[in-house]
Amino acid sequence: MRETPLPDAAADLLGRALVAVRKGVTGLRFGLDLPGAEESRRTQEEILAQLDDYVIPRVRTSTAPALVVIAGSTGAGKSTLLNTLAGARVSPTGVRRPTTATPVLACHPDDRDWFAKGDVLGSLRRQEAVPAAADRDSLVLAPAESLPAGMALLDTPDIDSVVEENHEIAHRMLDVGDLWIFVTTAARYADAPVWRLLRLAKERGAELAIVLSRVPPKSRDVVTKHFFRMLAEYGLGEVERFVVDESKVTGGMLPAHEVADLHDWLTGLSIDEQRRARAVQATLSGVLDSFRTRMPALARQLEFQVAFRGELRRDVDAVYGGALAAIEKATGDGSLLCGEVLARWQDFAGSGDLMRTLHLRRPGRFAGKAGQQAPERLTALKAALRAGLESVVISAAQRAAEESVARWQRRPGTDRILAAAPDLGRASDDLARRAGRTIAAWQDHIVELIRTEGVTKRSVARLVSFDVESLALVFTVGLLGQGSAEAAGPGTGTLPQRLVNALLGAESVRTIGARARSDLRARIGAIFDDETSRHTRVLDGAGVPDESAATRLYQAAYNLEVVRAGRSAPAVNEER
């Protein structure tokens, strides 16, 4: 029997599918701190590291030497085991923890060039010797004649290191291993970190061997029986197991006979290419199988993030929509005609200036005291109306900003984005200026409407001429005072409405009124769009992806499975 390697065409298809997976995963941001977001961020990092450092290089070079990762908990003797197998002190040992901070890869000299120039762990700088200070971005290459060709050993930091960076790089090294050798001790084999790592190996489908070290000879039978029974109960009863007795360590190495069985097992793997290829393929398939669950899990978190972002945006839209409705109500129920606005209107209408400003202007018509005061009263009324409208808009926008943030605060997962935008709970600094310009422009628009829509539709026979700005102001008072019978003040009833109806006609007044209200709504709506855009920018800055990101992930995962299924099996056995 012999193992037929994956055909070039099939390897190319699989490689392209994996590149598509990498493209789908790269650049994803889970900006909202929702349940599962932190786990998704870790999964994303793990998938990218596996693809770059192991999966894609392994698919492209399936005949490369096998990489055996030696992993274990603090003080388990990983470096001592590596040195003993290598026949030289290639990895530092000692009682100080952690000892291994920079990964060390030991291999036969014939394989050195492949690991020096290959893409496996390509993101790490190659070093010839262990650096004095920890360098987690480097990989030490250590040639060792005692190791069999085609089989490299990688010493890693402790999986339970007190140094968080060591813990992370240890798991990263595990992700690039074709086979795992897990080392634990007679004193610590029942510890939780041991079984967490064994569970991870089981979930990944990795080829695994277990070394129980530092076993006191007197209690060897009791300890090994108990440990092996635990392995069997955990579903790992069939894995390769090796026992190393407690021995004196000299020069960072154990007596050679203590690791003879393990050395023979590794040599057997290196010689039997078919067996080695099966082991490598089993681990690679286990990693690829894990994408079936990990990729959809990322996609579901993306969908969760996108949906939650939509909820946050709907909060803002609802609040500002309600604020806009409140403004429409305030500009239509007469509530604006109070206080300063009402006083200015009564002063303007009660003094007789109202009727004088609406009649034909002739030289000297406004001569005297009344003629000097009329423009002042007119200007004061116009300014009061503008200020009243500005106040309504600014107050509504401020309340909307506060309520939007309050709604977000009531939702879990928004602390980080709110902390990044501390001014989101108040209206923008230039709101008053924009509101003033908007209301002034609206007042000018009403003047233009009166001029173009009112005068041209009325016979000049009834009214030779009148002041358009004055009539527009009276029209505005009537428009904002609709719904309030006493808006015009005691004794005046609905004077503004009656005046503009008489001068312009009821139909024309309705048309101009509808257009004026629509224009005011649009102008204030534009202000509110600017205000809500602040919230949108905050959401965009948080890094929530678009709706298509999850779809692309699902598609990439599906395409990978199609390619894998299309080649029938990873390898084909043929009769010699």
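- For the residue pair Glu46 / Gln50, no side-chain donor-acceptor distance below 3.5 Å is found, with atom types taken as modelled.
- Heavy atoms only, all atoms of each residue included: Arg22 and Asp52 are closest at NE-OD1, 2.5 Å.
- In this structure, His535 and Asp315 have side chains that are not in contact, with every pair of non-hydrogen atoms separated by 4.5 Å or more.
- The main-chain N or O of Val280 is never found under 3.5 Å from a side-chain atom of Glu207 such that the two would form a donor-acceptor pair.
- Taking 4.5 Å as the limit, every side-chain heavy atom of Val244 sits out of range of all side-chain heavy atoms of Leu262.
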Trace of the side-chain contact (heavy atoms from CB on, under 4.5 Å) decision for Leu28 with Leu553
CA-CA 10 Å; Leu28 295 178; Leu553 275 185; 3.7 Å; yes
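- By the 4.5 Å heavy-atom criterion applied to side chains, Ser40 and Leu298 are counted as neighbours.
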Would you check, one step at a time, whether the test side-chain contact (heavy atoms from CB on, under 4.5 Å) holds for Val239 with Leu198?
CA-CA 11 Å; Val239 301; Leu198 291 175; over 6 Å; no
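- Under a cut-off of 6.0 angstrom, the local environment of CD in Glu311 is crowded, with over 12 non-hydrogen atoms contributed by other residues, nucleotides or ligands.
- A pairwise comparison of heavy atoms in Ala550 and Ala299 identifies CB-O, 3.6 Å as the closest pair.
- Not a single donor-acceptor pair under 3.5 Å links the side chain of Thr185 to the backbone N or O of Ala76.
- Nearest heavy-atom pair across Pro103 and Leu154 is CB-CD1, 4.1 Å.
- Closest approach of Ser404 to Val316, counting heavy atoms only: OG-CA, 4.0 Å.
- Using a 4.5 Å heavy-atom threshold, the side chains of Asp155 and Val140 count as separate.
- Pairs engaging residues 224-245 under the ring pair (Phe, Tyr, Trp, His ring centres under 6.0 Å) rule: Tyr189-His226, Tyr189-Phe227, Trp195-Tyr234, Phe242-Trp265 [sequence neighbours left out].
- Met253 approaches Gly87 most closely through the heavy-atom pair SD-C, 3.8 Å.
- Within the 4.5 Å cutoff, the side chain of His108 has heavy atoms near those of the Glu145 side chain.
- Using a 4.0 Å cut-off between a side-chain N of Lys or Arg and a carboxylate O of Asp or Glu, Arg564 and Asp289 qualify as a salt bridge.
- In this structure, Arg534 contributes its side chain and Asp423 its backbone to a donor-acceptor pair below 3.5 Å.
- Between Glu45 and Arg294 there is no salt bridge, since no side-chain nitrogen of the basic residue lies less than 4.0 Å from a carboxylate oxygen of the acidic one.
- In this structure, a donor-acceptor pair under 3.5 Å is present between the side chains of Ser548 and Asp546.
- Residues Asp33 and Arg41 are paired through a salt bridge, judged by an N-O separation under 4.0 Å between the basic side chain and the carboxylate.
- Partners of Ala20 by side chain to side chain contact (heavy atoms under 4.5 Å, CB included), not counting sequence neighbours: none found.
- At a threshold of 4.0 Å, the pair Arg314-Asp317 does not count as salt-bridged, since none of the basic side-chain nitrogens sits closer than that to a carboxylate oxygen.
- Looking only at atom types and distance, the side chain of Asp178 has a donor-acceptor partner in the side chain of Tyr54 under 3.5 Å away.
- Atom CD1 of Ile47 sits about 11.5 Å away from atom CG of Leu18, to the nearest 0.5 Å.
- Under the side-chain contact (heavy atoms from CB on, under 4.5 Å) rule, Val259 has a single partner from Thr84, Thr80, Leu82, which is Thr84.
- Side-chain atoms of Asp110 do not come within 3.5 Å of backbone N or O of Ala149 as any donor-acceptor pair.
- Atom CD1 in Ile56 sits 5.0 Å away from atom CG in Leu51 (nearest 0.5 Å).
- Rounded to the nearest 0.5 Å, atoms CG (Leu539) and CZ (Phe308) are 9.5 Å apart.
- With values rounded to the nearest 0.5 angstrom, Leu560 atom CG is found 7.5 Å from Met295 atom CE.
- Ion pairing of Asp272 with Arg276 is absent here, as no side-chain N (NZ or NE/NH1/NH2) approaches a carboxylate O to less than 4.0 Å.
- A heavy-atom distance below 4.5 Å is not found between the side chains of Leu324 and Tyr320.
- Using modelled atom types, no side-chain atom of Asn559 and backbone atom of Ala17 make a donor-acceptor pair closer than 3.5 Å.
- Gln44 has its side chain within reach of Leu48: a pair of non-hydrogen atoms, C-beta onward, lies under 4.5 Å apart.
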Give the intermediate values and the outcome of side-chain contact (heavy atoms from CB on, under 4.5 Å) for residues Asp540 and Arg309.
CA-CA 9 Å; Asp540 291 342; Arg309 181 190 191 280; 2.3 Å; yes
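- Pairing each heavy atom of Lys78 with each of Thr156, the nearest pair is CE-O, 3.1 Å.
- Taking CD1 of Ile210 as the start and CD1 of Ile181 as the end, the distance is 11.0 Å to the nearest 0.5 Å.
- Side-chain contact between Ile417 and Leu312 is present, with at least one heavy-atom pair separated by less than 4.5 Å.
- Put simply, NE2 on His257 and NE2 on His263 are 15.0 Å apart, with the number rounded to the nearest 0.5 Å.
- Side chain of Gln127 to main chain of Val104: no donor-acceptor pair is present (N/O by atom type, distance under 3.5 Å, no hydrogens or angles).
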Given Leu32 and Phe304, is the side-chain contact (heavy atoms from CB on, under 4.5 Å) satisfied, shown in steps?
CA-CA 10 Å; Leu32 300 175; Phe304 191 15; over 6 Å; no
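- Looking at Ser285, its side chain never comes within 3.5 Å of a backbone N or O of Ala282 through a donor-acceptor pair.
- Listed for the Arg416 side chain is no donor-acceptor partner under 3.5 Å among the backbone atoms of Thr414.
- In this structure a side-chain-to-backbone donor-acceptor pair under 3.5 Å is present from Ser213 to Thr184.
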